Student: 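Below you will find the structure I want to go over with you.
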Amino acid sequence: MPNRKKNEGFLLRYDQHRKIKYLMTQANQASESHVSLSPPLPQVVPSSECFGCDVCCRFPEADSLLRPYFTDREIAAAVARGVMPNQFPDSAGSQIHLVEHPQGEGYLCPAFDPVTAHCRIYDARPLDCQLYPLALMWNASEDRVLLGWDTKCPFMRETVPAAILAHAERVAALVTTESMSATIARHPRLIGPYQDDVVVIKELPELTARLTGCTVDSRLRPLTVSDSPRFRRAMADSGLLASEPLAAYAFAYHFLWTSLLSYWWMEHRDTFYLFAQSPDGFFLAVPPLGPGPLDQRVREGFALMNRWNGPSPVSRIENVSTVQKDELARAGFRCLPKPPDYVYDAAALAELRGDRYKSQRALCNRATRDHVVLVEPYRASDRAACVSLYERWAVQKRRSSLDRMGQLLLEDAEAAHRLALTESGSMGLEGTVARVDGVVRGYTFGYWLTPNMYCVLLEVADRSITGLAQFLFRKTCKQVAEGGAAFVNAMDDADLPGLREAKRAYRPTALIENWAVTEV
């Protein structure tokens with residue numbers, strides 16, 4: 001059996017049809033032609049005030065909702081000026097990854113120098129930063145775009161209101177020009193969520209019309225951790241967990257990818273819809289969950305997506321069970337197979353008895369013979385060590401024989417791992433770390449899908465330590481078997497031949513079929 005085992009942290013990206021943009025290519029182009037706004041936004045806060053302030057560019061949480069958003073062109077410009085490409089989870093446009101403050105608590109924008117209090121890319125800073133201390137945001141009902149000023153800025157609290165209003169009028173005129181409003185419409189996450197500490201100055205009906213006409217439905221709500229009970233309740237009521245449940249029928253499976261895609265939910269006619277939004281449009285991440293005929297709910301789901309997506313071929317429903325697939329095929333929908341989930345007997349993998357597991361057992365023994373390996377629950381204090389491990393592991397993976405799809409999956413996985421390491425508890429994930437000779441060399445995260453099925457969502461093991469990945473997986477299976485699990489779901493193989501071979505070597509007891517559904 002090859003040493004590459006299980007999914008090693010990979011998950012199949014939702015939108016395999018999204019347009020891949022290459023950061024370094026963009027960076028080279030940007031270095032030849034400066035990317036800037038035309039005209040640039042005026043600055044109201046004097047630089048001397050900013051240098052003495054301790055508010056901007058600093059954040060209390062790693063996943064702060066207020067960290068700056070960069071468009072694709074702004075990402076290219078930032079990379080050309082030295083920001084690492086992996087600080088951006090999506091080269092088509094994303095919020096930047098923050099870094100830990102080297103001399104204090106909290107997190108920093110990686111473009112910020114805490115010693116000098118200067119921005120390293122100031123001449124190419126994004127629109128999101130140029131706006132501040134003004135802010136574009138939705139109102140509390142999320143159906144109108146507002147311009148306001150942030151009371152967290154000390155300078156603004158001392159500024160004459162008339163001066164703030166005059167500055168806001170100049171900015172409003174610029175952001176509602178055709179070119180800039182088109183940019184904002186292509187990057188709707190430039191419009192932030194409602195904040196009650198931002199003082200509203202005026203509404204921007206031009207931007208409201210532009211955004212609600214192309215991407216935003218007022219009934220949609222962004223997916224947050226607080227929506228987990230609602231999702232779980234709808235899934236439990238759907239009956240999809242009763243037999244052959246897919247790993248995708250869990251909240252954590254989807255929330256993990258909010259680091260890569262925008263997720264939205266809505267309830268319409270007693271039906272729960274979970275949408276993911278890629279650059280090409282919306283698709284349903286799971287089938288519509290609710291009462292009544294399935295084909296009727298599915299038709300309503302496609303009606304919504306077609307209204308928002310127009311002619312884009314992205315409209316589809318992911319993670320459809322075989323039972324639902326048969327019913328929808330009879331109703332005239334097109335059903336396309338996806339890689340299945342691999343399900344194993346938990347007790348068998350905990351014991352690894354017999355010749356069929358001889359190779360895996362030998363590798364586990366090698367790890368414990370050569371090293372002192374201790375597996376214990378993940379704690380928040382382990383995060384920095386796990387981030388460093390992931391970075392080392394990613395380098396090891398890139399040096400292996402990954403094909404292009406494998407490389408893309410690896411790029412997508414980084415942001416997901418960072419989110420899991422930060423928000424595992426609130427997402428409902430259980431984590432463990434493997435310490436080898438006292439140093440963190442492996443970690444895994446998973447969740448209980450049903451009382452007797454546990455799903456392994458993410459796993460990383462230092463590839464330089466022979467047998468560690470096998471040992472960590474066996475330990476996980478033993479722990480969950482003792483906790484009542486009869487089965488372990490190790491997700492799909494992402495259509496990667498090497499991963500498929502490794503999963504099959506563990507002798508799955510079942511392959512749970514997975515389907516995508518489109519209109520004919």
Side-chain angles (χ1 to χ4, degrees), residues 11-21 63 65 67 69-72 75 88-96 128 136-138 142-143 145 181-194 207-208 210-225 227 230-231 248 251-268 271-289 298 300-320 408 411-412 415-416 419 516-519:
L11 290 177
L12 180 64
R13 72 176 62 206
Y14 265 131
D15 189 9
Q16 295 186 16
H17 304 293
R18 77 179 176 97
K19 299 178 177 66
I20 303 298
K21 297 178 184 291
D63 60 343
L65 293 174
R67 64 193 190 279
Y69 179 93
F70 286 64
T71 68
D72 49 353
I75 290 174
F88 302 97
D90 188 347
S91 60
S94 69
Q95 288 180 293
I96 196 168
D128 208 1
L136 294 172
M137 69 177 185
W138 292 101
E142 298 182 358
D143 56 10
V145 178
S181 61
T183 296
I184 295 172
R186 288 196 302 272
H187 299 274
R189 290 174 64 191
L190 282 167
I191 311 297
Y194 177 75
L207 282 181
T208 297
R210 193 77 179 248
L211 272 85
T212 56
C214 63
T215 59
V216 179
D217 187 305
S218 61
R219 295 169 295 180
L220 290 172
R221 296 290 181 266
L223 187 69
T224 67
V225 167
D227 298 317
R230 189 186 303 268
F231 176 91
F251 177 83
Y253 182 99
H254 300 283
F255 191 76
L256 189 75
W257 295 105
T258 57
S259 55
L260 182 67
L261 299 172
S262 297
Y263 273 79
W264 308 83
W265 65 270
M266 64 180 288
E267 289 181 328
H268 178 60
T271 298
F272 181 93
Y273 296 90
L274 179 64
F275 295 98
Q277 184 184 12
S278 75
D280 292 325
F282 290 86
F283 59 93
L284 274 164
V286 294
L289 307 176
V298 166
E300 290 180 351
F302 275 111
L304 291 168
M305 290 186 286
N306 293 337
R307 188 182 312 154
W308 303 331
N309 295 339
S312 172
V314 74
S315 299
R316 66 188 186 279
I317 303 175
E318 295 275 353
N319 301 306
V320 176
L408 293 173
E411 292 171 10
D412 283 356
L419 181 59
V517 170
T518 67
E519 291 182 303

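This is a predicted model, so every value here is computed, not measured. These values consider heavy atoms only, across backbone and side chains, with no hydrogens, waters or symmetry-generated copies.
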Student: Which pairs, with at least one residue in residues 251-262 and sequence neighbours excluded, count as a salt bridge (charged side-chain N to carboxylate O under 4.0 Å, His left out)?
Tutor: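 Checked against salt bridge (charged side-chain N to carboxylate O under 4.0 Å, His left out) - neighbours excluded - no pair reaches residues 251-262.
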
Student: Considering only heavy atoms from C-beta outward, does the side chain of P193 approach that of M137 to under 4.5 Å?
Tutor: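 Side chain of P193 against side chain of M137, heavy atoms only: no contact under 4.5 Å found.
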
Student: Minimum heavy-atom separation for L223 to F251, with atom names?
Tutor: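 Scanning both residues completely, I find the closest heavy atoms to be CD1-CE1, 3.7 Å.
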
Student: Check whether any side-chain heavy atom of T183 lies under 4.5 Å from a side-chain heavy atom of H187, and answer yes or no.
Tutor: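 In contact.
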
Student: Flag the pair S91 / D72 as yes when at least one side-chain heavy-atom distance between them is below 4.5 Å, and no otherwise.
Tutor: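 No, too far: nothing below the 4.5 Å cut-off.
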
Student: May I ask you to decide if I96's main-chain N or O and R67's side chain share a donor-acceptor pair within less than 3.5 Å?
Tutor: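 Pair found, side chain donor or acceptor close to backbone of I96.
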
Student: Would the distance check show the side chain of E318 and the main-chain N or O of F283 forming a donor-acceptor pair, the cut-off being under 3.5 Å?
Tutor: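 No, E318 side chain to F283 backbone: no donor-acceptor pair under 3.5 Å.
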
Student: Any chance you could lay out the side chain to side chain contact (heavy atoms under 4.5 Å, CB included) test for F282 and L220, step after step, and finish with the verdict?
Tutor: CA-CA 11 Å; F282 290 86; L220 290 172; 3.9 Å; yes

Student: Thinking salt bridges, do R230 and E267 make one under a 4.0 Å N-O criterion?
Tutor: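 So R230 pairs with E267 through a salt bridge.
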
Student: Report yes if the side chains of F231 and F255 come closer than 4.5 Å at any heavy-atom pair, otherwise no.
Tutor: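 No - every pair of side-chain heavy atoms lies 4.5 Å or more apart.
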
Student: How close do Y263 and T258 get, heavy atom to heavy atom, and via which atoms?
Tutor: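 In this case the closest contact between Y263 and T258 is CD1-CG2, 3.7 Å.
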
Student: Test your reading of the model: is there a side-chain donor-acceptor pair from H254 to the backbone of A248, 3.5 Å cut-off?
Tutor: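 Yes: the side chain of H254 pairs with the backbone of A248.
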
Student: Please confirm whether the backbone N or O of V145 pairs with a side-chain atom of T208, one donor and one acceptor, at under 3.5 Å?
Tutor: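 Checked: pair present.
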
Student: Using 0.5 Å steps for rounding, measure from the CZ atom of R219 to the OH atom of Y273.
Tutor: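 If we round to the nearest 0.5 Å, R219:CZ and Y273:OH are 9.0 Å apart.
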
Student: Is the shortest heavy-atom distance from the side chain of F88 to the side chain of F70 under 4.5 Å?
Tutor: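 With C-beta onward as the side chain, the pair touches.
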
Student: Rounded to the nearest 0.5 Å, what separates atom CE in M305 from atom CD1 in I317?
Tutor: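 If we round to the nearest 0.5 Å, M305:CE and I317:CD1 are 5.0 Å apart.
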
Student: Looking just at side-chain N and O atoms, do N306 and E519 make a donor-acceptor pair shorter than 3.5 Å?
Tutor: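 Looking only at side-chain atoms, E519 and N306 do form a donor-acceptor pair, the distance falling under 3.5 Å.
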
Student: Would F275 and W308 satisfy ring-ring contact (aromatic ring centres under 6.0 Å, His included), going step by step from the backbone distance to the final call?
Tutor: CA-CA 12 Å; F275 295 98; W308 303 331; 4.9 Å; yes

Student: Would you compute the distance between atom OG of S315 and atom CG of N309 and round it to the nearest 0.5 angstrom?
Tutor: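 S315 atom OG to N309 atom CG measures 3.5 Å (nearest 0.5 Å).
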
Student: Looking at every non-hydrogen atom in both residues, tell me the closest pair between P222 and W265 and how far apart they are.
Tutor: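 Distance-wise, the nearest heavy atoms are O-NE1, 3.8 Å.
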
Student: Any side-chain heavy atom of S94 within less than 4.5 Å of one from I75?
Tutor: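 Sidechains of I75 and S94: in contact.
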
Student: Report the distance from atom CD1 of I184 to atom CG of L190, rounding to the nearest 0.5 Å.
Tutor: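 One gets 6.0 Å once the value is rounded to the nearest 0.5 Å.
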
Student: Any chance you could lay out the side chain to side chain contact (heavy atoms under 4.5 Å, CB included) test for R221 and W264, step after step, and finish with the verdict?
Tutor: CA-CA 5 Å; R221 296 290 181 266; W264 308 83; 5.8 Å; no

Student: For D128 and Y69, work out which heavy atoms get closest and say how close.
Tutor: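 That closest heavy-atom pairing would be OD2-N, 2.8 Å.
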
Student: Within a strict 4.5 Å, meaning less than it, do heavy atoms of the F272 and M266 side chains meet?
Tutor: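 Sidechains of M266 and F272: no contact.
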
Student: Which atoms form the tightest heavy-atom contact between R189 and S262, and what is the distance?
Tutor: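 Closest approach of R189 to S262: CD-OG, 3.4 Å.
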
Student: Does the side chain of L289 come within less than 4.5 Å of T271's, by heavy atoms?
Tutor: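 The answer is no; the side chains never approach within 4.5 Å.
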
